[in-house]
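Every chain is numbered from 1, with letters handed out A, B, ... down the list of sequences. These figures come from a predicted structure and were not determined experimentally.
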Amino acid sequence: MDYNFREVEQRWQKAWKEQKIYHVEEDLSKPKFYVLDMFPYPSGAGLHVGHPLGYIASDIYARFKRQKGFNVLHPMGYDAFGLPAEQYAIQTGQHPAITTKQNIARYREQLDRIGFSFDWDREFKTADPDYYKWTQWVFIQLFNHCYCKKCEKAIPIEELKKHLAQQGTEGLHLAETKPLSFTAEEWNAMSEEEQETTLLNYRLAYIADTWVNWCPKLGTVLANDEVVNGVSERGGFPVERKLMKQWILRVSAYAERLLKGLETLEWSDSIKEVQRNWIGRSEGAFVRFSIENQSDTLDIFTTRPDTIYGVTFMVMCPEHALIEQITTPDRKQEVDAYVQWARNRSETERQTDVKKVSGVFTGAYAINPFTEEKIPIWVAEYVLAGYGTGGIMAVPAHDSRDYAFAKHFNLPIREVIAGGDISKEAFETKDGTCINSGCIDGLSVKEAGKKIIEKVIEMGIGYGTVNYRLRDAIFSRQRYWGEPFPVYYKNGIPYMLPEEDLPLLLPEVDKYLPTENGEPPLARAEHWQTAEGYPLECSTMPGFAGSSGYFLRYMDPHNDKEFVNKEKNKYWENVDLYVGGSEHATGHLIYSRFWNKFLFDLGLVCKDEPYKKLINQGMIQGRSNFVYRIIQTNRFVSLNLKDQYEVTPIRVDVNIVHNDILDIESFKKWRPEFADAEFVLEDGKYICGWEIEKMSKSKYNVQNPDDLVERYGADTLRMYEMFLGPIELSKPWDTNGIEGVFRFMKKFWRLYHNRENEFCISEEEPSREEYKILHKTIKKIEDDNERFSFNTSVSAFMIATNELSDIQCNKRKILEPLAILISAYAPHIAEELWHLLGHTDFIVTATFPTFDGSYLVEKDANYPVSFNGKTRLQRKFSLDLQPKELEKIILEDPEVQKWLDGKTPKKVIIVPKKIINIVI
RNA sequence: GCGGAUGUGGCGUAAUUGGUAGCCGCGCUAGACUUAGGAUCUAGUGCCGUGAGGCGUAGGAGUUCGAGUCUCCUCAUCCGCACCA
């Protein structure tokens with residue numbers, strides 16, 4: 001009988017669980033290593049083979065590190081708040097907590113069957129009050145801090161208050177929503193409400209009016225990608241732009257540190273680049289343009305101060321607060337209409353017709369501080385409210401967007417950088433010489449920019465500055481299934497609940513929909529107010545709230561006194577290896593870094609970056625199978641004959657297709673309408689077509705890991721998922737190949753057994769050849785593990801097994817280390833063999849075998865000998881020879897002599913252990 | 001448009017980082033055994049050619065004694081950003 005993987009795997013999984021062998025505690029005698037997976041959102045569909053890909057890789061690495069003597073923290077939990085459970089609740093009335101609990105139970109069952117080495121004692125879900133208590137707590141800290149740009153860290157709001165009371169805004173260098181200016185007297189004269197409102201301008205968590213995509217029918221704010229053609233993606237309900245009070249995190253305060261921190265991280269270049277683009281740093285100048293007959297100024301940000309002499313018009317975004325004030329009466333009607341129209345367009349809509357030029361003249365004029373000219377002020381949607389100041393100076397000659405606008409509205413174009421031909425297009429280059437530019441004529445772009453900045457500082461109308469594309473993160477959601485804000489309102493001003501009142505529990509509601517008058521679902525809760533009767537915040541936190549600091553909580557998951565104990569944090573520091581999808585590059589991975597840097601500023605954690613090394617595992621796509629039905633019949637034609645008929649392809653469940661051959665009997669049973677189907681076969685078989693698509697239920701191409709574990713065992717599944725290809729690559733799932741790994745597992749088992757399947761191991765001293773196979777494998781596995789090349793590792797195991805099986809090696813000194821090597825990949829079979837080998841401890845505690853290079857050194861070896869790069873001969877040489885000696889022997893070789901034919905070679909290139917090349 | 005990748009047999013991939021391209025596996029071909037299976041084992045399998053041999057890493061150039069690997073151009077595919085002043 002062959003290896004009984006079912007019995008063995010179940011037995012060991014039970015033993016591991018009962019003896020808690022993967023439980024880990026701080027141990028100062030060992031170096032720590034923290035391996036983390038991006039925790040899953042437990043959806044109703046359960047796991048498919050794509051999900052565990054990253055978990056298997058991280059599990060292999062965690063097991064490898066343990067055997068290398070590290071104390072490994074490898075936890076797992078669930079990101080439990082989220083939309084699907086809420087949607088299900090709205091439809092069925094079932095509480096999302098119940099759905100979530102069921103889904104988690106199913107996930108756990110599936111995960112357990114794959115044999116992961118998670119420390120389940122540290123498990124939590126973000127929807128646990130014990131956990132979200134700390135999410136709320138961090139939010140309070142964010143509210144109570146602001147960001148000092150001078151010292152580049154968060155400081156308590158109390159310090160700000162002190163500063164304001166003593167010197168007003170004088171000497172303040174804080175990240176802020178908009179620049180404010182008042183004296184200490186003015187501050188001290190403010191009412192509490194006024195002061196609180198003012199402080200919101202600086203807090204790291206603040207509430208403010210924001211333009212959002214509001215869907216009245218769904219009763220919620222939608223993200224840009226949830227809006228398609230002006231209607232909601234789900235349901236197709238109209239979406240309008242609306243100014244709403246939203247909680248916002250001042251992520252932008254950390255832009256520079258988020259950017260700089262990237263340099264210290266071992267992340268892929270592509271994902272770092274995505275984050276760099278997302279943060280979007282640009283250097284330039286802030287300049288105030290005065291407006292004719294107005295006391296207010298039009299403030300702009302430009303990266304090209306050197307082109308200031310080329311400004312021929314100004315543009316404000318449709319959301320700009322000054323529009324109403326500066327528009328002249330004769331232009332009012334037109335401007336109002338345009339603003340109304342533009343404001344109601346979603347960002348997605350604006351993006352889709354980027355090329356269409358639209359705008360309107362306000363009738364007002366700004367004054368160019370350098371030329372004193374009157375410049376018309378326009379409103380146009382190509383200027384965005386969320387970037388810079390929401391206003392620009394337009395230089396059509398040297399900016400393609402301004403150029404298109406000027407051409408469309410017939411505005412003047414003035415060339416100020418020499419070298420281009422502005423009759424056709426804008427000349428955008430950044431190396432050129434300034435012309436027609438007064439005081440900066442003849443200067444290079446770079447020098448001119450510097451000089452203009454000096455001048456505007458002198459004139460008191462601006463300064464050089466750095467602007468970031470990174471926006472503050474909207475933090476409220478008008479939904480039920482999320483963390484409630486620890487916030488109550490007094491006279492419309494938000495206040496934080498006292499910390500000892502946390503967690504603020506998510507209340508029960510009778511329905512999970514928004515209320516009839518558009519308030520979030522929490523407004524349905526009875527007594528949603530403080531003990532004193534103050535109303536509580538009705539929106540909840542977004543999905544990324546719970547996942548931003550979760551990695552810290554695993555270090556100390558049951559602490560109800562603090563978020564994470566300092567000593568424990570000091571031991572575990574941060575995540576050494578983080579594995580997850582690259583789709584989180586601009587979401588979770590930015591927010592989490594922000595969150596952690598903030599906690600670092602507060603001295604609560606010891607590292608300012610959360611994830612040292614990041615591996616982005618690829619997606620596993622589905623491979624759908626098709627059958628071809630001849631039109632208007634119930635006859636199906638095999639793939640290569642289908643061109644002779646008119647056919648409709650129909651997706652067929654991949655589970656009734658093997659190696660693209662349809663199991664006809666199962667097909668007839670699959671659907672009642674196919675019960676009496678007929679088939680046109682080729683070579684007696686029905687061959688199905690295939691296509692690579694996303695893995696999804698509706699495409700019948702989902703491979704459930706449970707089925708594969710049932711049929712081939714967890715070890716085979718683990719090894720096969722790794723064998724599929726490099727971990728970062730997206731690849732289609734192909735069940736056909738798993739047979740090869742399955743055969744390997746059986747062959748591996750047979751190494752330790754005789755023909756009668758009795759465990760049979762020899763204590764004999766292995767031969768040099770046998771040691772060579774082992775040490776070659778140790779080196780390969782160790783190297784591959786360190787560079788996360790798990791697919792080549794699996795190949796190495798196969799090669800070693802083939803070689804050992806060929807020479808019928810069953811020596812303990814070879815097979816025992818081999819079992820340790822494979823235990824990270826196939827822990828169940830390794831554990832079984834380990835115990836058969838007579839060990840009583842678990843293989844996870846075994847020491848990774850040491851590599852002995854001396855076995856690999858050849859005494860002599862065949863070298864290819866090439867002439868001018870063309871390989872002609874194989875010659876055997878001793879490896880002990882010095883290059884000079886080697887060269888002599890080669891040149892004396894009769895074949896070489898013959899080839900040289902009396903000529904002297906120009907040079908002889910000897911690449912150690914590789915090749916000998918004679919160049920003539 | 002900008003940025004980042006990737007391109008090797010019928011398929012997934014490998015190549016000690018510039019040194020005999022195609023390891024390992026799937027599939028396929030032939031054979032053995034058989035309790036007839038979607039089992040196991042053996043041999044073969046980049047392409048062309050009976051053969052010697054020739055050609056081969058998306059295409060084209062270049063550097064080099066030697067290029068899948070380095071440089072430049074072109075093409076294709078994927079991902080991210082996209083009026084960011």
Side-chain angles (χ1 to χ4, degrees), chain A residues 2 268-278 280-282 284 300-304 307 315 317 350-351 353-357 380-384 386-395 398-402 404-405 467-471 582-583 585-586 616 618-619 623 658-661 663 690 711 720 723-726 728-741 743-744 746-747 779-780 783 789 791-799 801-802 862-874 905-920:
Chain A
D2 272 336
S268 72
D269 289 340
S270 68
I271 208 147
K272 282 190 192 175
E273 202 53 35
V274 167
Q275 289 213 344
R276 274 189 206 111
N277 291 341
W278 191 258
R281 183 183 200 275
S282 39
I300 60 103
F301 171 76
T302 179
T303 54
R304 295 293 303 274
T307 60
V315 190
C317 64
R350 290 195 196 180
Q351 282 160 18
D353 36 45
V354 162
K355 279 178 190 109
K356 270 186 222 151
V357 178
E381 58 168 3
Y382 86 91
V383 174
L384 304 177
Y387 184 79
T389 60
I392 63 156
M393 61 175 219
V395 186
H398 305 289
D399 180 287
S400 59
R401 297 151 305 180
D402 298 344
F405 195 82
N467 205 17
Y468 299 91
R469 215 187 64 109
L470 184 72
R471 317 264 169 104
S582 56
E583 68 271 20
T586 56
N616 299 116
M619 296 260 275
R623 187 177 186 276
H658 301 284
N659 289 338
D660 290 337
I661 298 164
D663 179 340
W690 58 272
R711 203 145 95 198
Y720 183 57
F723 184 65
L724 233 35
E728 302 92 341
L729 232 68
S730 284
K731 55 233 154 187
W733 177 260
D734 180 5
T735 299
N736 297 341
I738 201 170
E739 299 277 351
V741 177
R743 273 197 277 271
F744 155 74
K746 288 191 279 192
K747 201 165 179 179
K779 173 134 180 60
K780 178 84 177 137
D783 290 353
S789 177
N791 56 327
T792 52
S793 277
V794 177
S795 295
F797 285 122
M798 290 179 174
I799 293 167
T801 303
N802 287 343
N862 275 316
Y863 280 135
V865 180
S866 306
F867 300 93
N868 286 345
K870 288 232 167 189
T871 304
R872 303 285 161 137
L873 297 170
Q874 291 283 335
K906 249 190 216 158
K907 52 181 164 175
V908 179
I909 298 156
I910 297 169
V911 181
K913 293 190 188 180
K914 276 173 186 168
I915 195 167
I916 294 151
N917 196 3
I918 301 166
V919 183
I920 306 186

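- OP1 or OP2 of B:A14 has at least one side-chain nitrogen or oxygen of A:N791 nearer than 4.0 Å.
- Comparing atom distances between the A:T792 side chain and each of B:U40, B:A14, B:A85 picks out B:A14 as nearest.
- When rounded to the nearest whole Å, the span between CH2 of A:W278 and P of B:A82 equals 5 Å.
- In this structure, A:E728 places its CD atom 15 Å from C1' of B:C78, rounding to the nearest Å.
- Under the 4.5 Å side-chain criterion, counting only non-hydrogen atoms from C-beta, A:V357 is not in contact with A:Y382.
- Listed candidates were B:A39, B:A85, B:G3. Nearest to the side chain of A:E273 is B:G3.
- Counting heavy atoms from C-beta outward, A:N277 and A:R469 have side chains that stay 4.5 Å or more apart.
- Nucleotides B:U16 and B:G10 have their C1' atoms positioned 29 Å apart, rounded to a whole Å.
- When each of B:A85, B:G25, B:G19 is scored by its nearest atom to the side-chain atoms of A:I909, the top-ranked nucleotide is B:G19.
- To the nearest whole angstrom, the two C1' atoms, one in B:U74 and one in B:U64, are 24 Å apart.
- Checked against B:A85, B:A14, B:G80, the side chain of A:F301 finds its nearest nucleotide in B:A85.
- In this structure, A:I300 atom CD1 and B:C83 atom P are separated by 20 Å, rounded to whole Å.
- Comparing atom distances between the A:I392 side chain and each of B:A85, B:C26, B:G38 picks out B:A85 as nearest.
- Annotation: B:C83 and B:C75 have their C1' atoms spaced 30 Å apart (nearest Å).
- For the P atom pair drawn from B:G54 and B:U6, the interatomic distance equals 34 Å after rounding to whole Å.
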Pair assignment for RNA chain B - dot-bracket with | for other-strand partners, Watson-Crick or G-U under 3.5 Å: (((((((..(((......[....)))((((((.......))))))(((....)))..(((((..]....))))))))))))....

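- Atom name P, nucleotides B:G19 and B:C81: the rounded distance is 38 Å, in whole Å.
- Distance, A:N277 CG to B:G1 P: 17 Å, rounded to whole Å.
- Closest approach to the A:F723 side chain among B:G27, B:A85, B:C24 is made by B:C24 (side chain taken as heavy atoms from C-beta onward).
- The nearest pair of heavy atoms linking A:V315 to A:A394 is CG2-CB, 4.3 Å.
- Using cut-offs of 30° and 60° for the angle between ring planes, the A:F301 and A:Y387 rings count as perpendicular.
- Nearer to the 5' terminus of RNA chain B, by closest-nucleotide assignment, is the contact made by A:D269 (compared with the other of A:R304 and A:D269).
- Look at CG on A:L729: it is 13 Å from C1' on B:A14, rounded to the nearest Å.
- In terms of heavy-atom proximity, A:N467 sits nearest to A:G388 at ND2-CA, 3.2 Å.
- Among the protein residues, A:P726 comes within range of the sugar-phosphate backbone only, with heavy atoms under 4.0 Å from sugar or phosphate atoms but none that close to a base.
- For B:C81, the OP1/OP2 oxygens have no side-chain nitrogen or oxygen of A:R469 closer than 4.0 Å.
- Across all strands shown, A:R711 has heavy atoms under 4.0 Å from base atoms, whether or not it also approaches the sugar-phosphate.
- B:G9: glycosidic angle within 90° of 0, hence syn.
- Ranking B:G4, B:C24, B:A15 by closeness to the A:I799 side chain, first place goes to B:C24.
- Going from the P atom of B:C24 to that of B:U45 covers 12 Å, rounded to whole Å.
- Distance noted for atom C1' between B:U69 and B:U57: 10 Å (whole Å).
- Legend: residues meeting salt bridge (charged side-chain N to carboxylate O under 4.0 Å, His left out) with A:E728, ordered by chain and number and at least two apart, are absent.
- The side chain of A:N802 approaches B:C24 more closely than any other nucleotide in the set B:A85, B:C24, B:C26.
- Between A:R276 and B:G80, a side-chain N or O to OP1/OP2 separation shorter than 4.0 Å is absent.
- A donor-acceptor contact shorter than 3.5 Å links the side chain of A:K731 to the backbone of A:P726.
- Nucleotides B:G7 and B:U71 have their P atoms positioned 14 Å apart, rounded to a whole Å.
- Whole-Å rounding puts the A:I271 CD1 to B:C78 P distance at 20 Å.
- Side-chain contact between A:Y720 and A:F744 is absent, with no heavy atoms from C-beta onward closer than 4.5 Å.
- B:U77 takes the anti form, because its glycosidic angle lies more than 90° either side of 0.
- A:K747 has its NZ atom 11 Å from the C1' atom of B:U42, to the nearest Å.
- Proximity note for A:Y382 (side chain, C-beta onward) versus B:C24, B:C81, B:C83: the nearest is B:C83.
- Note on A:S282: a side-chain N or O is less than 4.0 Å away from OP1 or OP2 of B:A85.
- Between A:K731 and A:S270, the residue whose closest nucleotide on RNA chain B is further toward the 5' end is A:S270.
- Taking the O4'-C1'-N9-C4 or O4'-C1'-N1-C2 dihedral as appropriate, B:G37 has a value within 90° of 0 and is therefore syn.
- Here the closest non-hydrogen pair linking A:A585 and A:I271 is CB-CG1, 3.6 Å.
- With a 4.5 Å cut-off on side-chain heavy atoms, A:M393 and A:D402 do not count as touching.
- Separating the CG atom of A:L384 from the C1' atom of B:C81 is a distance of 14 Å, rounded to the nearest angstrom.
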